[in-house]
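Proteins come first, then strands; the chains are lettered A, B, ... in the order of their sequence lines, and each starts at number 1. Since we're looking at a predicted model, the values are computed, not measured.
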Amino acid sequence: MEQEKNYDFSLIEKKWQDKWLNGNDYYVDDMPIDSNKNKEKFYCLEMFPYPSGRIHMGHVRNYSIGDAIARFKGLKGYYVLHPIGFDSFGLPAENAAIKNKTNPKEWTYKNIETMEVQLKKLGLSYDWDRKIITSDSSYYKWEQLFFIQMFKKGLAYKKLSRVNWCESCHTTLANEQVENGKCWRCDNEITVKSMDQWFLKITDYAEELLAELDNLDGWPDKVKIMQKNWIGKSEGLSLFFKIDTASEKTDLELEIFTTRPDTIFGATYLAISPLHTLAKNLLKTENAKIKTEELIRKSLISKEITEKEGVFTGSYAINPFNMKKLPIYIANFVLMDYGTGAIMSVPAHDERDFEFAKKYNIEIIEVVSNQNDAAVSSNAFNNISGNNDYNHNVINNNYNNKSLNGEGSVKLANDSELISPFTGEGILINSSVFNGLISKEAKSAISLEAEKMGFGKRVTNYRLKDWGISRQRYWGCPIPIVYCEKCGAVPLNEKDLPLELPENVVFTGEGESPLARLDSFIDTCCPVCGGKAKRETDTMDTFVESSWYYAKYTSKSDNAFTESDFTNNSNGNSKCNNKNKDADKENIKFINNNSDNNSNINNSGSVVYRKYSNGCAYEINNNINNADPAYTIQSPFDKKAANYWLPVDQYIGGVEHAVMHLLYARFFVKVLRDLGYLNINEPFKNLLTQGMVVKNGAKMSKSKGNVVDPDDLINKYGSDTVRLFSLFAAPPEKDLEWNDKGVEGSYRFINKIYKIVMVYEKYLQNIEINNLKNLIVLNQNFFEKTDIELKEINNELNGIIKKSEAEMEERFHFNTIISSCMELVNKIYDYYRKQNNINIETIDTDDTIKTFKIEQTQKQKYEYESDKYLLKHIFNSILIILYPFIPHICSECFEILGSSINIESAGWPEIIATGYKIEACSIAVQINGKLRSQITANIDLEQQDILNLSLEDKKIKKYIDNISAIKKSIYIKNKLINIII
RNA sequence: GCGAAAGUGGCGGAAUUGGUAUACGCACUGGACUUAGAAUCCAGCGGAGUAAUCCAUGGGGGUUCAAGUCCCCCCUUUCGCACCA
C-alpha cells in the first residue's frame, strides 16, 4: 500500500523499455547512413558477461557505468555503438553438466535467456541485433580460422612443456591464470605437469606490447604498470662459460644470463636449475646425484620454494674474463623457464646469491663499491674513465696482460665484514682494467668485450611466456588440428570450418574430457593425404573468444560467408576421402626434413618449416590471400565497418582482467592486423577499471552469505534506483560498499524528482522551449523581469551543466554529478515552498500517480511568462543530465512536462544566460591564516574595501584594536581575505 | 622483499588549479502528521566546552600569508608481482 504514494516504476520502466526495444532505438548500422554520416562515431563497450545463471551486482555496476557513458555520448550527438553478448564457453557449464547430467549447452543457453531478460529489465541501451554468443559455431568458426592462420605463420605451435595443472578443474592453465600458486577460478593449489600443449606466440609481440603501453594515454597507470611488469623486459648479457670437469677438459659450454655484467669479476660460483638439461651431465659424486634427484622431484611438483637448497656438482666452469675456476652448483632457486636456466652468482652484490653463498660457505668478492664511499674510488675513476669512450684496444691489451692473475689485488669480503650484499650500482673495484668505471659504463664495456672476444652476446629477456591455450575440457572451441600418421599435425581446410563441438557426449566427471573418449569425433581423415588421422581433443582457452569479440560486434553479419560454402562438414563421420587436391589449393607442400631443429620458427621470411616428432615436416606458404581462387578470403567482419568502429573508444570492466584478458586482446589485435583483417594497433583507446561491489567489507559471495540479488531490488525499487545507487555510492574505480538503506535514499531522490515534476506538470506542459536560444536572441530582454530566485537557480544549473560535461568525458565521477543534481532539486523544492508557502504533500487516495496537490496561494505567482520558460529549461536540463543514469524516469518526466521531441534527441543542455549577476558574496576573513569571521560584501570589490569592511566586523574588532598593527593582507577576490598582524 | 594506490565525521564519500574542510547521501536525535506504525515533511548532527574558545583530514617535521592538497621521514590498509638473475 505504501508504494502507492510513490511513483509506479514498474509501469514507467516497462513503458520505456518497450519503446526502446520495439522501436529499435539503439540500432546502429555497420556504416552510418543518411544524417548519421555527419556524426562522429563512439564505440562504448563493457566486458561481456559469462552466463553463469543470473546477473549480479558487479554486472549491474559495470553496465550502469557503460550505459551512462553511451547515453551521454548519444546526447552529445555521437553515433554510438553499444553492443552486448555472452562469453559462453567455460568450465562452470561443464561442472553444472556433470552435476545435473545434462549437456553444458543446455545449461548455458538457458542462462543466457534468463540474463538477457534481466539485462533488458535494466533498460540498457544495447543494440541487441549485434548479440554474440561465443559458443555458437557461427562465432567460433572464425576463431578456428584464425588459429589455422596463426598455425601457418608459426604463431600457434605445439610443444611438450611443463605447464600449470589444476587438479580440481582437471585442466592446464596459462601463467596469467595462476594467482599466488592457485587456480584463478577455483583457488585450488596448482601443480606442475609435463604435457604436449598448444601455445600462441605472444612473445613475438612482447616488445610491441610493451612499447605501445606508452601510447595508451586513456588507460589507468595501474593497469599499464601491471602489464609492464608482467612482460618483464630485461636487458643483459648472455655469457658462455667453458666447463672444466674434475677429470677431463671438455668442449661443453654453459650459457648464463645476467643483467649485471659489471659484477663479472665478483662471480664465485655458477648455479643452474635442477631441470637444466646439463644438470645430470655435470654430476660427479653419488651424493650429488641423489641430492639432485630430490631437487628435481621437488621442482617438478611445485614452483614454490621455502628455502634455498643446492648441491655442488663436482664440476667447474672457467670465468672467461679472468680464467678463474668457479664451482657449479645445482640450485633450487634458479628458474628453468627464465633466461637460460643458469646464472653466474655474485654473492657480494645479489641477495639470493649472498644467502646461498653464506649457507654453503662460498667465497664472497666485492667488486662494486658504493659511490658514497668516494675516498676509495674517485682516484681510480679519474684515472681510467676520463672519457666515456671505451677504448677497445687499450683496455683489451691491458686486460690480456693482467687478467690471468688479477687476484693479487682482490679484496675478499669475509663474514665479519659483509652482513648484507650491496645490490646498487657503484664504482668497480677488484675488476682488473675495469676498475674505476661506474656500473653503467662497466656494463657496456664488459658486454662489448665479451662480444668482441666471442664468449658472450647482449640479449633481451622477457618474463612473458607464450600463451598456453590447450584445455583438457569439453566445453570450449575445438582446436582445428588433426594428427595424421604420415603428415603429423595438420590443420583442417579453412572451408571445412566450423569444426563443431559434438553434442552426443557423456559426462562422468571423471578423468579426461569426454571429447577424448568420443571415437566418432576423434577418428577422421587427413585433410592433406586423405589417410587415417585423429583429431586434437583439447579445446581452446576461453580467453581466446574474448580476445576478439569486440571486433566481431562491428559487423552484424559475417562477410560473404554462407552455409553453402561449407563442404563436408566433417563433424563426426569419418569416411576418408581423397582430399589431396584441397591440400594443393591451400599451398601446403610437404617435404622431408630430418633436421633436429624442431622448435625454431623463422619469422622473417615467408616460408616456415616445422617438423614433428614423426619426422614429417611441411612447408607453408604464408600468403593467406593466395588460397583457392573460388574461395575468397573470409572474414567475420566487414573490414570497412571494423576499421570505422575500432578501436573501442571506451572500454569498461573489472581490474581483475588487467593482465589476462586485456593483454590477450591487445595481442590478438596485433595478430589480426598482421593477418590483414584489421588496421589498428590497439583494441581499447580508453579503459575504465571499475572496483568490486562489496558488502560488509567483503566481496559478495555465496559462501559469505552477503550476496544481494539485483532482481530483488529491481522488483522492489525499479532499475533506475538500482542503477542510481550503484553510480552514486562511490566513484567507479573504487570498491563500492553495498548499503540497503542507501538504496532507499536513491529511491527517495527519484520520487522527489517525480513529485516536483507532477506539481509543475500543468503549469509547464504547454511551454515549448526547444528554441529558447532563439527567443533570447530575438529579445535581449527576455528574462529581464524573470523571478530573481529562478535566475539564481539557473545560475547554479549552469555550473552543473559545465561540471557534469567535464566529468562525463574524463573522470567519470558520476557521484559528484548526482550530488549536485540533488542539491539543485532541493533548491527547486525550497523555491516551491517559498512561492507557495506550503510543502509538497500527498493526498491519501487509491489513485496511484497523479495525486500530488498543487496549491496556489495568496499571491499570484509567476507573473511573467518568462518564469515558465526558465523553470522549464531548468527542469529539462536536470532531467537530461540525469538521463544517462536513470533513463526511464527522466524520459517519463520529460514527456510529462511536454515537448515536441523526446529526451534522447534533446541534446546536452545549453547554458542560458539570463543577465543574472551575483550582487553580493560571502567573504571569509582570516587573521594570521585562521578563520575568524565571515562578511557579506558586494561583488568585485577591491582589497582595500574588503579590508575596511572586515575591520568593521564585530568579531574582527576583537582581534584588531589598532589598524597600525596590520602588517599586510592577502585578498583572494570574492572569496577570502587574510589579515596578518 | 619489489611495485602501485589509498588513509577525511558513526558510515559511503565531497573539496579537479594550495584559498571558508566535512558538499551530497546514509545512519542517528528531536518535532509535525497519525489511534498507532510506515511513509512523508521540518529542524539538528565532527570532537571537547555553560560560553568565550580550543582541537580535528593516519603520525611527525618542513615550505607558505594560507596545506586534506606541495616536500621529507614514519605508520597502517588494500591491490599486483614475488627468488625473473
Worksheet item: What would the secondary structure line of RNA chain B be in dot-bracket form, counting Watson-Crick and G-U wobble pairs under 3.5 Å, with [ ] for pairs that cross earlier ones and | for pairs with another strand?
Response: (((((((..(((......[....))).(((((.......))))).(((....)))..(((((..]....))))))))))))....
Does the side chain of [X] get closer than 4.0 angstrom to OP1 or OP2 of [N] through an N or O atom?
X      : N     : result
A:R748 : B:U40 : yes
A:R463 : B:C2  : no
A:N815 : B:A14 : yes
A:K752 : B:U40 : no
A:S969 : B:C65 : no
A:K975 : B:U20 : no
A:R932 : B:A52 : no
A:R833 : B:C42 : yes

Practice prompt. Can you label the angle between the A:Y360 ring and the A:Y329 ring as parallel, tilted or perpendicular, going by 30° and 60°?
Written response: tilted
Item to complete: Determine the interplanar angle of the A:Y754 and A:Y7 rings, folded into 0 to 90°, and report it as parallel if under 30°, tilted if 30 to 60°, perpendicular if over 60°.
Response: tilted
Taking any heavy-atom pair under 4.0 Å as a contact, classify [X]: base, sugar-phosphate, or nothing.
X      : value
A:I970 : base
A:S922 : base
A:Q934 : base
A:E807 : base
A:K308 : base
A:V334 : base
A:N826 : sugar-phosphate
A:K958 : sugar-phosphate
A:G745 : sugar-phosphate
A:K803 : base
A:F728 : base
A:D735 : sugar-phosphate
A:I972 : base

Practice prompt. For A:R463 and A:Y338, test the side chains for any donor-to-acceptor distance below 3.5 angstrom and give the result as yes or no.
Written response: no
Worksheet item: Do A:K308 and A:F356 meet the cation-pi criteria used here (NZ or CZ under 6.0 Å from the six-membered ring centre, within 45° of the axis)?
Response: no
Worksheet item: Is the charged tip of A:K752 near the ring of A:Y829: under 6.0 Å from the six-membered ring centre and within 45° of its axis?
Response: yes
Worksheet item: Mind checking whether A:V192 and A:V163 have side chains closer than 4.5 Å, heavy atoms only?
Response: no
Worksheet entry | Identified side chain to side chain donor-acceptor pair (under 3.5 Å) counterpart of A:E425 within the set A:K440, A:K443, A:R260 | A:K443
Item to complete: State which residues pass salt bridge (charged side-chain N to carboxylate O under 4.0 Å, His left out) with A:K359; sequence neighbours excluded, sorted by chain then number.
Response: A:E307
